[in-house]
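Report on one structure; see the data block that follows.
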Amino acid sequence: QVQLVESGGGLVQAGGSLRLSCAASGGIFRRYAIGWFRQVPGKEREFVATIGVSGFGRSFADAVKGRCTISRDNTKNTVYLQMNSLKPEDTAVYYCAADQEGGAGSNARGYEYWGQGTQVTVSS
């Protein structure tokens, strides 16, 4: 079983950047695809980005495409989500999740393990 801890959230002005980190422990990290999701109160959890076990298989939601990159360092058991040109509508709690079976992609139900989330607030 893998445990995930997100960090790097905070308050930033519109147009700014943040790099979120997802640190894993307790499992064989390189065997998990990792996804990032976000959620605002009263709405469903929304897919942001995902990366495959070897760093391939990256995909992004249309809402962040061109503004975000995702990468992983399997030697550090960490996945990074770099977010640029942030907008107020990016404000949410951001969660990372691990998919051992593979193939979950943008489907939150396909991820077995979840972190506690990190708050991102973008001011206008």
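All values below come from the heavy atoms of this structure, side chains included, with hydrogens, waters and symmetry mates left out. For this chain, numbers begin at 1 and follow the sequence in order.
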side-chain hydrogen bond (donor to acceptor under 3.5 Å, both in side chains) for N84 and S17? Distances and angles first, verdict last. CA-CA 4 Å; N84 302 318; S17 298; 3.0 Å; yes
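Of all the heavy atoms in V2 and A98, the pair that sits closest is CG1-CB, 3.9 Å. The two residues A92 and V40 make their nearest non-hydrogen contact at CB-CG1, 3.6 Å. For the residue pair L11 and S123, the shortest heavy atom distance occurs at CD1-CB, 4.3 Å. The two residues E112 and D99 make their nearest non-hydrogen contact at OE1-CA, 3.1 Å.
Taking CD of Q82 as the start and CZ of R19 as the end, the distance is 7.0 Å to the nearest 0.5 Å. The CG atom of N77 sits 11.0 Å away from the OH atom of Y32 when rounded to the nearest 0.5 Å. Note that OG of S25 and CD of Q1 are 10.0 Å apart. Values are rounded to the nearest 0.5 Å.
Between D90 and K87 there is no salt bridge, since none of the side-chain N atoms of the basic residue sits less than 4.0 Å from a carboxylate O of the acidic one.
Using a distance-only test at 3.5 Å, with no hydrogens or angles considered, a donor-acceptor pair links the side chain of T50 to the main chain of I34. The main-chain N or O of S85 is found under 3.5 Å from a side-chain atom of R67 such that the two form a donor-acceptor pair. A distance-only check finds no donor-acceptor pair linking the side chain of E6 to the backbone of S21 [under 3.5 Å].
By the ring-ring contact (aromatic ring centres under 6.0 Å, His included) test, Y111 pairs with F37, sequence neighbours left out.
More than 12 non-hydrogen atoms from other residues, nucleotides or ligands lie less than 6.0 angstrom from CD of Q119.
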